[in-house]
Undergrad: 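The structure is given below, and queries will be raised subsequently.
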Amino acid sequence: MTGARPNLGKGRINSIVVIGGGPGGYPAAIRAAQLGADVVLVEKGRIGGTCLHRGCIPTKFLLKAAREYMDHLRLHEEAGERIPGPDRVRIASRMGQVVEHLAMGTSSLLGKNGVRVVAGTASFVEPGVVRISESGELLRGSSIIVATGAGPSRLPLDGADLPGVVDSDGILALDMIPQTLAIIGGGVVGIEFAQ
C-alpha cells in the first residue's frame, strides 16, 4: 500500500540504527526518520563517506577542472600564446571547499530530519544491539542497516608498496601532477583519473 507507514518498533530505544554515513547510509537514515522512526546513524569517519571525501565528488571536480583547463589551453594556443600549467594548489583548495560545503549540507539534512549522529565504530554485541567501541555506548534497534561503504583495495602485486605507488586516496593527496601515470583498475574512479 503506497504511503503506508512501516511498523518501526514503537517504544524501542533507537528503533533503527544505521551503520555508515555514506551515500547508502545517510539517505536511508533520513528516509527512516521521515517515516517516523527514531534513528541513530553511526559513522567512524566523516559524514558523506568515500564518495564525498575521496571518490565521486573529488574525482568529478578534478575532471571538470581538467576539462576547463584544456579548453582554456586550446583557446590560447590557437592565438599563439603559451599559458602556465594548472595551479594544483588552487584546484585542491577549491575542491576541498566544495567537499566541505557538501559535507556540511549532508550533516545539516541529518539534523533537520531528527537523525542522531554518533561518531565511532560500531560492532554487534547480539542481534539488534551494537556497541560503539570508543565510548562503550549500546544502541538497540528493531532494524539495523549496515552501509559501511568501500575503500581502495590493496593490490596483490609484488612492489605495490614501493615509493610512487599510490591508491585512489593517495593520488588525491599528491601536491603535484605526475608527468606519467599508469592506472591499474578500470572502475569509475580509475577511468576518471585516466581522463
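Starting from 1, each residue takes its place in the sequence as its number.
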Undergrad: Would Val115 and Leu109 show up in the same hydrophobic cluster when neighbours are defined by side-chain heavy atoms closer than 4.5 Å?
TA: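 Yes, same cluster.
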Undergrad: Nearest heavy-atom pair of Val42 and Ala122: which atoms, and what distance?
TA: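 The answer is CG1-CB, 3.9 Å.
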Undergrad: Search all heavy atoms of Ile16 against all heavy atoms of Ala32 and return the closest pair with its distance.
TA: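 Looking at all heavy atoms of both residues, the shortest contact is CD1-CB, 3.7 Å.
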Undergrad: Looking at Pro84 and Tyr69, what are the two nearest heavy atoms and their distance?
TA: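 Closest heavy-atom pair between Pro84 and Tyr69: O-OH, 3.1 Å.
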Undergrad: When hydrophobic residues are tied together by side-chain contacts of less than 4.5 Å, even through go-betweens, does Val146 share a cluster with Leu139?
TA: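 Linked, Val146 and Leu139 end up in one cluster.
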Undergrad: Calculate, to the nearest 0.5 Å, the distance between atoms CD and CG belonging to Gln97 and Leu102 respectively.
TA: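 So the CD of Gln97 and the CG of Leu102 are separated by 12.0 Å.
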Undergrad: Sub-3.5 Å donor-acceptor pair from the side chain of Asp167 to the main-chain atoms of Asp169, do we have one?
TA: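 A pair under 3.5 Å: yes.
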Undergrad: So, does Ser15 use its side chain to make a donor-acceptor pair with the main chain of Ser142 at under 3.5 Å?
TA: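 Such a contact is absent between Ser15 side chain and Ser142 backbone.
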Undergrad: Does a side-chain N-to-carboxylate-O contact under 4.0 Å join Arg46 and Glu100?
TA: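 So Arg46 pairs with Glu100 through a salt bridge.
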Undergrad: Once you round to the nearest 0.5 Å, how far does NZ of Lys44 lie from CD1 of Ile132?
TA: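 Nearest 0.5 Å value for the NZ-CD1 distance: 12.0 Å.
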Undergrad: Using the rule that two of Ile, Leu, Val, Met, Phe, Trp, Tyr join whenever any of their side-chain heavy atoms come within less than 4.5 Å, decide whether Ile57 and Leu62 are in one cluster.
TA: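 In one cluster with Ile57: Leu62, yes.
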Undergrad: Extract all donor-acceptor atom pairs below 3.5 Å that involve side chains of residues 21-29 and protein atoms in other chains or at least two apart in sequence.
TA:
none

Undergrad: Can you find a heavy atom in the side chain of Val99 that is under 4.5 Å from one in the side chain of Pro58?
TA: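 Val99 vs Pro58: side chains touch.
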Undergrad: Sequence neighbours excluded, which residues qualify as side chain to side chain donor-acceptor pair (under 3.5 Å) partners of Asp71?
TA: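 In terms of side chain to side chain donor-acceptor pair (under 3.5 Å), with neighbours along the sequence ignored, Asp71 is linked to Arg74.
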Undergrad: Out of curiosity, does Val117 fall in the hydrophobic cluster containing Met104 (side-chain heavy atoms, cut-off under 4.5 Å, transitive links)?
TA: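 No, it is not one cluster - the side chains of Met104 and Val117 are not joined through contacts under 4.5 Å.
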Undergrad: Which donor-acceptor pairs under 3.5 Å do side chains of residues 178-192 form with protein atoms, sequence neighbours excluded?
TA:
{"from": "Glu192", "atom 1": "OE1", "to": "Thr59", "atom 2": "OG1", "distance (Å)": "2.4"}
{"from": "Glu192", "atom 1": "OE2", "to": "Lys60", "atom 2": "NZ", "distance (Å)": "2.7"}

Undergrad: Are any non-hydrogen side-chain atoms of Glu43 and Leu110 less than 4.5 angstrom apart?
TA: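 In short, these two side chains do not touch, never coming nearer than 4.5 Å.
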Undergrad: Donor-acceptor check, side chain of Glu134 to backbone of Thr121, threshold 3.5 angstrom: yes or no?
TA: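 Here the side-chain-to-backbone pair exists.
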Undergrad: Does the pair Glu68/Arg94 count as a salt bridge with the N-to-O cut at 4.0 Å?
TA: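 No, no charged N to carboxylate O under 4.0 Å.
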Undergrad: Report yes if the side chains of Leu41 and Ile47 come closer than 4.5 Å at any heavy-atom pair, otherwise no.
TA: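 Yes; the side chains approach each other to less than 4.5 Å.
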Undergrad: Can you get from Met95 to Ile171 by hopping between Ile, Leu, Val, Met, Phe, Trp and Tyr side chains that sit under 4.5 Å apart?
TA: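 The answer is yes; both residues are in one hydrophobic cluster.
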